[in-house]
Engineer: 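Sending over a structure as structure tokens; questions will come in a sec.
Per chain, numbering begins at 1; letters A, B, ... match sequence-line order. Everything quoted here is computed from the prediction, not taken from an experiment.
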Amino acid sequence: MPELPEVETIRRDLAPLVSGRTIVRVDVDQATLPLLAGPAVDIEALRSSLSGRAVSTLDRRGKYLLFRLDDGRTLVAHLRMTGRLVWRCPADPPEPYQRAVLGFDDGHELRWCDLRKFGTWKLVDDDEELATKLGPEPMEGEFALAAFRRSLQGRKAAIKSVLLDQKSVAGLGNIYVDEALFRARIRPDTPAGELAEGPIKRLFAAVREVLEQGIQHRGASFRDYVDGQGHTGEQHMHVQVFRRTGKPCYVCTTPIERIIVGQRSTHYCPRCQKSGRRRRGGTSAR
DNA sequence: CGTTACCTGAAA
DNA sequence: TTTCAGGTAACG
């Protein structure tokens, strides 16, 4: 569920709360543990790794949250489709689908909730593995037009699929890819390698713009997403195309269409969004 | 590269 | 009853 703006909102909420605090309790639902931490990890191993550890900082890489521990290791957490992380007092009523709890030395607890149990925790010694499977951070200086252009070059796959690939850009998901392609006026099913320079430049800018807007609105709460305090975001009220099938385009009033691209539900305006291909071939004029 | 699986529920 | 869901990993 959460994409970069949602994960970043959670990170900003939780960072000041967990930084410098020590983990004093680790509870994980028995049935959830093997799915969460992998079949090889038992609760005692997890407890001995986390209990007594202080969290130095809370970072983010793509859609991953990184709890930096005082022993140099990192707890890498991914919320996948339905994960939530909320900061509570022990006396607060239990969250729906609460699967794990980290208790801190100030008496608060961080509650991990996950309806579908797709979320993951992994303890690592360094960020090497993440570095190999993730592309550039789109909100940082390392995200450069030249590298972005190169990542599209020669690829036959639909531009939407290439943007969803975390090796192209880290942190984009189904919502923000559809929104970025609308903003760049590009049809989602255009082969990535056929995009002309103009559309590539527009898309490069649009990726940052839609993510920035998502962060400003504290994430999109279409279904399960809530921030670190359990509150919904606002971005779902500001989307241009995502899940607006049949509703009028805000630019041209043409009904938004829904198609399947790379097995994913895809929303676009058939009038505003063109193929954006290089030179001839029924494109920019259409 | 596309397809399938992981899990649970809400909506059509 | 069937389909769909904001993600990824493991397949062929």
Side-chain angles (χ1 to χ4, degrees), chain A residues 1-10 28-40 60-65 76-85 95-100 112-122 129-130 132-135 151-152 154-182 188-189 191-193 207 210-211 213-215 217-227 232-246 258-267:
Chain A
M1 121 221 196
E3 306 178 28
L4 187 152
E6 288 75 34
V7 179
E8 177 62 15
T9 300
I10 292 170
V28 184
D29 172 69
Q30 188 94 85
T32 304
L33 182 61
L35 298 167
L36 181 66
R60 179 190 56 74
R61 181 77 173 87
K63 301 172 193 171
Y64 293 85
L65 279 169
V76 180
H78 197 301
L79 299 158
R80 294 289 184 96
M81 296 287 269
T82 56
R84 296 176 165 189
L85 263 178
E95 311 299 313
Y97 309 106
Q98 186 171 312
R99 313 288 188 193
W112 176 271
C113 313
D114 189 1
L115 187 158
R116 293 174 76 179
K117 303 180 190 169
F118 286 171
T120 57
W121 287 8
K122 190 172 185 184
E129 193 187 316
L130 277 188
T132 64
K133 61 181 176 189
L134 296 182
S151 70
L152 309 184
R155 299 201 53 178
K156 286 183 163 179
I159 182 59
K160 162 142 186 178
S161 302
V162 172
L163 292 177
L164 283 174
D165 181 349
Q166 300 298 294
K167 293 204 78 164
S168 308
V169 181
L172 287 174
N174 215 25
I175 300 175
Y176 294 94
V177 164
D178 281 6
E179 294 298 305
L181 288 168
F182 174 79
D189 53 359
V207 164
V210 299
L211 293 174
Q213 194 195 33
I215 292 170
H217 289 134
R218 301 187 56 79
S221 295
F222 281 97
R223 206 190 190 99
D224 303 291
Y225 163 74
V226 291
D227 65 21
T232 57
E234 303 278 314
Q235 176 60 18
H236 55 288
M237 320 242 235
H238 300 271
V239 293
Q240 304 292 296
V241 290
F242 187 77
R243 292 202 195 167
R244 293 197 63 247
T245 311
R258 176 180 176 274
I259 57 175
I260 301 297
V261 177
Q263 337 286 116
R264 307 299 299 279
S265 191
T266 299
H267 315 77

Engineer: May I ask you to decide if A/Asp114's main-chain N or O and A/Thr82's side chain share a donor-acceptor pair within less than 3.5 Å?
Structural biologist: no
Engineer: Round to a whole Å and report the spacing from NZ of A/Lys133 to P of C/dT8.
Structural biologist: 9 Å
Engineer: So do the side chains of A/Leu211 and A/Leu172 get within less than 4.5 Å of each other, counting heavy atoms only?
Structural biologist: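 A/Leu211 reaches A/Leu172 side chain to side chain.
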Engineer: Under a 3.5 Å cutoff, is there a donor and acceptor pairing between the side chains of A/His217 and A/Glu234?
Structural biologist: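 Checked: A/His217/A/Glu234 side chains show no N/O donor-acceptor pair below 3.5 Å.
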Engineer: In whole angstrom, what separates A/Ile259's CD1 from C/dC4's P?
Structural biologist: 14 Å
Engineer: Starting at CG of A/Asp224 and ending at P of C/dG7, how long is that distance when rounded to a whole Å?
Structural biologist: 12 Å
Engineer: If the C1' atom of B/dG9 is compared with that of C/dA9, how far apart are they to the nearest Å?
Structural biologist: 23 Å
Engineer: Over how many whole Å does the gap from A/Leu35 atom CG to B/dA5 atom C1' extend?
Structural biologist: 12 Å
Engineer: Give the nucleotide from the list B/dT4, B/dC7, C/dG7 with an atom nearest to the side chain of A/Arg264.
Structural biologist: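 So the side chain of A/Arg264 is nearest to C/dG7.
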Engineer: What is the distance from CG of A/Leu65 to P of C/dG7, rounded to the nearest Å?
Structural biologist: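 My rounded result for the distance is 15 Å.
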Engineer: Where the side chain of A/Gln166 is defined as all heavy atoms beyond and including C-beta, which of C/dG7, C/dT8, B/dC6 is the nearest nucleotide?
Structural biologist: C/dT8
Engineer: A/Ile175 near the nucleic acid: base, sugar-phosphate alone, or nothing, with a heavy-atom cut-off under 4.0 Å?
Structural biologist: sugar-phosphate
Engineer: Strictly below 4.0 Å: does A/His78 bring a side-chain N or O up to OP1 or OP2 of C/dT8?
Structural biologist: yes
Engineer: Would you please determine if the base of B/dC7 is stacked by A/Phe118, with stacking meaning a centroid separation under 5.5 angstrom and planes under 30 degrees?
Structural biologist: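 Not stacked by the 5.5 Å and 30° rule.
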Engineer: Does any nucleotide pair with B/dT3 by Watson-Crick or G-U wobble geometry, both distances under 3.5 Å, and what is it?
Structural biologist: C/dA10
Engineer: Using a cut-off of less than 4.0 Å, is there contact between a side-chain N or O of A/Lys63 and OP1 or OP2 of C/dT8?
Structural biologist: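 Yes, A/Lys63 has a side-chain N/O under 4.0 Å of OP1/OP2 on C/dT8.
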Engineer: Going through the checks in order, is the side-chain contact (heavy atoms from CB on, under 4.5 Å) test met by A/Ile10 and A/Tyr225?
Structural biologist: CA-CA 10 Å; A/Ile10 292 170; A/Tyr225 163 74; 3.8 Å; yes
Engineer: Among C/dA9, B/dT8, B/dC1, find the nucleotide with the atom closest to the side chain of A/Leu115.
Structural biologist: B/dT8
Engineer: Using whole Å, report how far CG of A/Leu4 lies from P of C/dG7.
Structural biologist: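 Rounding to the nearest Å, CG of A/Leu4 and P of C/dG7 are 12 Å apart.
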Engineer: When you check the phosphate oxygens OP1 and OP2 of C/dA5, does a side-chain N or O of A/Arg258 lie under 4.0 Å from one of them?
Structural biologist: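 So the side chain of A/Arg258 is within the cut-off, an N or O lying under 4.0 Å from OP1 or OP2 of C/dA5.
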Engineer: At under 4.0 Å, does any side-chain N or O of A/Ser265 touch on OP1 or OP2 of C/dA5?
Structural biologist: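 The answer is yes; a side-chain N or O of A/Ser265 sits under 4.0 Å from OP1 or OP2.
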Engineer: Please pick, from B/dC1, C/dG7, C/dC4, the nucleotide with the shortest atom-to-atom distance to any side-chain atom of A/Arg155.
Structural biologist: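 Shortest atom-to-atom distance from the side chain points to B/dC1.
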Engineer: Side chains of A/Thr120 and A/Arg80: do they bring a donor and an acceptor to under 3.5 Å?
Structural biologist: no
Engineer: Rounding to a whole Å, what distance do you find between A/Asp178:CG and C/dA5:C1'?
Structural biologist: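 Result: 14 Å.
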Engineer: Please walk me through it: do A/Gln235 and A/Tyr176 pass side-chain contact (heavy atoms from CB on, under 4.5 Å)?
Structural biologist: CA-CA 10 Å; A/Gln235 176 60 18; A/Tyr176 294 94; 3.5 Å; yes
Engineer: Expressed as a whole number of angstroms, how long is the span from A/Leu79:CG to C/dA5:C1'?
Structural biologist: 16 Å
Engineer: Look at the side-chain N and O atoms of A/Lys117 and state whether any lies under 4.0 Å from the OP1 or OP2 oxygen of B/dC6.
Structural biologist: no
Engineer: Mind checking if A/Lys167 touches a base, just sugar-phosphate, or nothing, with heavy atoms under 4.0 Å?
Structural biologist: nothing
Engineer: Distance between the P atoms of B/dC7 and C/dC11, in whole angstroms?
Structural biologist: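 It comes out at 15 Å once rounded to the nearest Å.
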Engineer: What's the closest nucleotide to the A/Arg80 side chain, out of C/dG7, B/dG2, B/dT8?
Structural biologist: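 Closest nucleotide among those given: C/dG7.
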Engineer: Just call it for A/Tyr176: base, sugar-phosphate, or nothing, with non-hydrogen atoms closer than 4.0 Å on any strand.
Structural biologist: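 Answer is nothing: A/Tyr176 stays at 4.0 Å or more from every strand.
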Engineer: When you measure from the side-chain N and O atoms of A/Tyr97 to the phosphate of B/dC7, is any distance below 4.0 Å, counting only OP1 and OP2?
Structural biologist: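 No.
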